[in-house]
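In this text, all values refer to a predicted model and were calculated from it rather than measured experimentally. Reminder, nothing fancy here: chain letters follow the sequence lines and each chain counts from 1. Excluded from the calculations below are hydrogen atoms, water molecules and symmetry mates; all remaining heavy atoms, backbone and side chain alike, are included.
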Number of protein chains: 2
Amino acid sequence: MSTPGRGLHGRVLDSLGPAITAGEYPAGSVLRTDELAQRFEVSRSVMREAVRVLESMHLVESRRRVGVTVLPECEWNVYDPQVIRWRLAGADRPRQLRSLTVLRSAVEPVAAGLAARLATPEQCAELTECALGMVANSRGHRLEEYLFHDVAFHRVVLTASGNEMFARLGGVVAEVLAGRTHHDVMFEDPDPAAVTLHVQVAEAVRARDAERAEELTRQITVGALHELDILAP
Amino acid sequence: MSTPGRGLHGRVLDSLGPAITAGEYPAGSVLRTDELAQRFEVSRSVMREAVRVLESMHLVESRRRVGVTVLPECEWNVYDPQVIRWRLAGADRPRQLRSLTVLRSAVEPVAAGLAARLATPEQCAELTECALGMVANSRGHRLEEYLFHDVAFHRVVLTASGNEMFARLGGVVAEVLAGRTHHDVMFEDPDPAAVTLHVQVAEAVRARDAERAEELTRQITVGALHELDILAP
DNA sequence: GCCTCTTGAATTAGTCGTACCTAATGGGTT
DNA sequence: AACCCATTAGGTACGACTAATTCAAGAGGC
């Protein structure tokens, strides 16, 4: 995922970022740049660059005469894809998945409604194609192929909404769906009802029926919430 | 806003960040670290730290033998509060406000529904207090006081939803509301209907009526969409 | 005697400049 | 066309110095 080895400071981040987001250093913990540089066997310059990045994510704060202070969770840039990945890889993965699924349940229906008004013919075709791909792989434990089309489907919807903020959630949805397939539930074939809903959403978007697209997508996300035992909003 | 002078690299970012997000350097433009360091009259170390931060926001990409390449807009971390601020301060402020308002229209109703189920008594009280503050300042051109309570109201709703992703949008909503008061529409007293809706949302949350809280908040956000001439989703 | 204010020493991040390494790139050679 | 090498710009390391902030010791006042 992303670019693991984009320099030494990247290696440091790949170690330090997950450690911080996992709560290994409680809020208020103080780290010293030189000590960290020694621990990771890099120069101070490299460590400083890593700290700057963590600072831009609001994971830490650097102050003179004090050191690098870990900030409380409520300060973190939880929308930063890197932070999301670190947290999904860590111990509170379930909590993170719940947060993201609730976000999906808010965003995706609205995005689908907008997509029904704004999608280009090409995007409508893509959507239908994805839905058909899901149908074709919904039986016989073809989970990977199913996931591929599922992710593509939601990406197209979010992109077709014409809203850049929605479009940028494509990666998040991909992570959530992949997580569901690989780690958590879904050991058997996907729910046929969900597959049908995706096909119907594609139809609604093609038919420019915004309300129907929104309502159908809402049903999809409600299903996702139930899978995680979240009370439906 | 935030911390303007958190070191030399911060100064550089305050210049370079807005320039990039404003499109002064089109996607694909190549900058050289040394040249930038000279231009901003800082050492290469400081410039490198600034570039690292821009890189973590996916505004630029640094490659050997090439330089620092500006990435296309679709790659940017548009949820980074710093990026949002830079873009709101720039030329495509209107487009940014539209994006954010659409995001609000998706998130806030769901957040209000959750808040109705999860808000603590203290949060219910805060909400009522904010709504009353809005009423008290809804006449007589007390725009600043009205804005203050409006922002506080939405912040409480987002926080009370119990979802960290929603809670972190409090700052975004604050920017949007402040922008509406200071730059764009609203030269006269706020719409009485909107004020009433806020009071009713506070009541619905207090009464644990999730559906009503969600629907009323949807009406508020639909109003915000109309103010910006966005077709209601 | 206790409290407060001042002062200064210790500490740690911030900045700078240099030197050298590494890897892409492009052109020249075979 | 394949290969090789010089060029170039970022990557890393190190050392010296600066500046801000904290903490504690001591002076002064109550």
Side-chain angles (χ1 to χ4, degrees), chain A residues 2-17 19-20 24-72 75-76 82, chain B residues 2-17 19-20 24-72 75-76 82:
Chain A
S2 80
T3 334
R6 66 267 193 229
L8 261 187
H9 88 282
R11 303 294 183 86
V12 172
L13 283 173
D14 288 335
S15 275
L16 199 49
I20 293 175
E24 279 180 37
Y25 306 94
S29 304
V30 175
L31 312 168
R32 270 164 302 150
T33 306
D34 301 287
E35 183 196 316
L36 291 172
Q38 279 187 19
R39 170 133 53 97
F40 292 105
E41 295 175 310
V42 295
S43 69
R44 202 158 75 103
S45 330
V46 169
M47 186 48 77
R48 286 180 53 74
E49 288 171 20
V51 168
R52 287 290 180 237
V53 173
L54 294 175
E55 211 173 10
S56 84
M57 297 169 174
H58 282 86
L59 293 184
V60 303
E61 189 186 37
S62 182
R63 280 169 54 198
R64 278 181 160 152
R65 173 58 174 130
V66 175
V68 178
T69 312
V70 178
L71 292 175
E75 295 277 353
W76 299 353
Q82 186 77 79
Chain B
S2 78
T3 333
R6 68 268 193 225
L8 261 188
H9 88 284
R11 304 290 185 86
V12 173
L13 283 173
D14 289 334
S15 275
L16 199 50
I20 293 176
E24 278 181 40
Y25 306 93
S29 305
V30 174
L31 311 168
R32 270 164 305 152
T33 307
D34 303 285
E35 183 195 316
L36 291 172
Q38 277 186 21
R39 169 133 54 97
F40 292 104
E41 296 175 309
V42 295
S43 69
R44 200 156 77 104
S45 327
V46 169
M47 196 62 227
R48 287 180 53 74
E49 288 170 20
V51 168
R52 288 289 183 237
V53 173
L54 293 175
E55 211 174 10
S56 86
M57 297 168 172
H58 283 85
L59 295 184
V60 303
E61 188 187 39
S62 182
R63 280 169 53 197
R64 278 183 157 154
R65 172 58 176 148
V66 175
V68 178
T69 311
V70 178
L71 292 175
E75 295 276 353
W76 299 352
Q82 185 77 80

_Residue Gln38(B) excluded, over 12 heavy atoms near CD under 6.0 Å_ = no
*asked:* Please determine whether the number of non-hydrogen atoms from other residues, nucleotides or ligands lying under 6.0 Å from atom CZ of Arg63(B) exceeds 12.
replied: no
*Apply side chain to side chain contact (heavy atoms under 4.5 Å, CB included) to Glu35(B) and Val68(B), showing your working.*
CA-CA 11 Å; Glu35(B) 183 195 316; Val68(B) 178; over 6 Å; no
*Considering only heavy atoms of chain A and a distance under 4.0 Å, specify the first and last nucleotide of DNA chain D in 5' to 3' order that meet this criterion.*
dT12(D) to dT22(D)
_Assess the residue pair Glu49(A) and Arg52(A) against the criterion (salt bridge (Lys or Arg N to Asp or Glu O under 4.0 Å)); give the C-alpha distance rounded to whole Å, side-chain angles, the decisive distance to 0.1 Å, and a yes or no._
CA-CA 5 Å; Glu49(A) 288 171 20; Arg52(A) 287 290 180 237; over 6 Å; no
_Sequence-aligned protein contact record of nucleotides 12-17 of chain C, with B where the base is within under 4.0 Å of a protein heavy atom and S where only the sugar-phosphate is_ = BBBBBB
*Tell me, with the steps shown, if Leu16(A) and Phe40(A) meet side chain to side chain contact (heavy atoms under 4.5 Å, CB included).*
CA-CA 9 Å; Leu16(A) 199 49; Phe40(A) 292 105; 4.1 Å; yes
*How many angstroms lie between atom OG of Ser56(B) and atom CD of Gln82(A), to the nearest 0.5 angstrom?*
9.0 Å
*Can you tell me if Ser29(A) uses its side chain to pair, donor with acceptor, with the backbone of Pro26(A) under 3.5 Å?*
yes
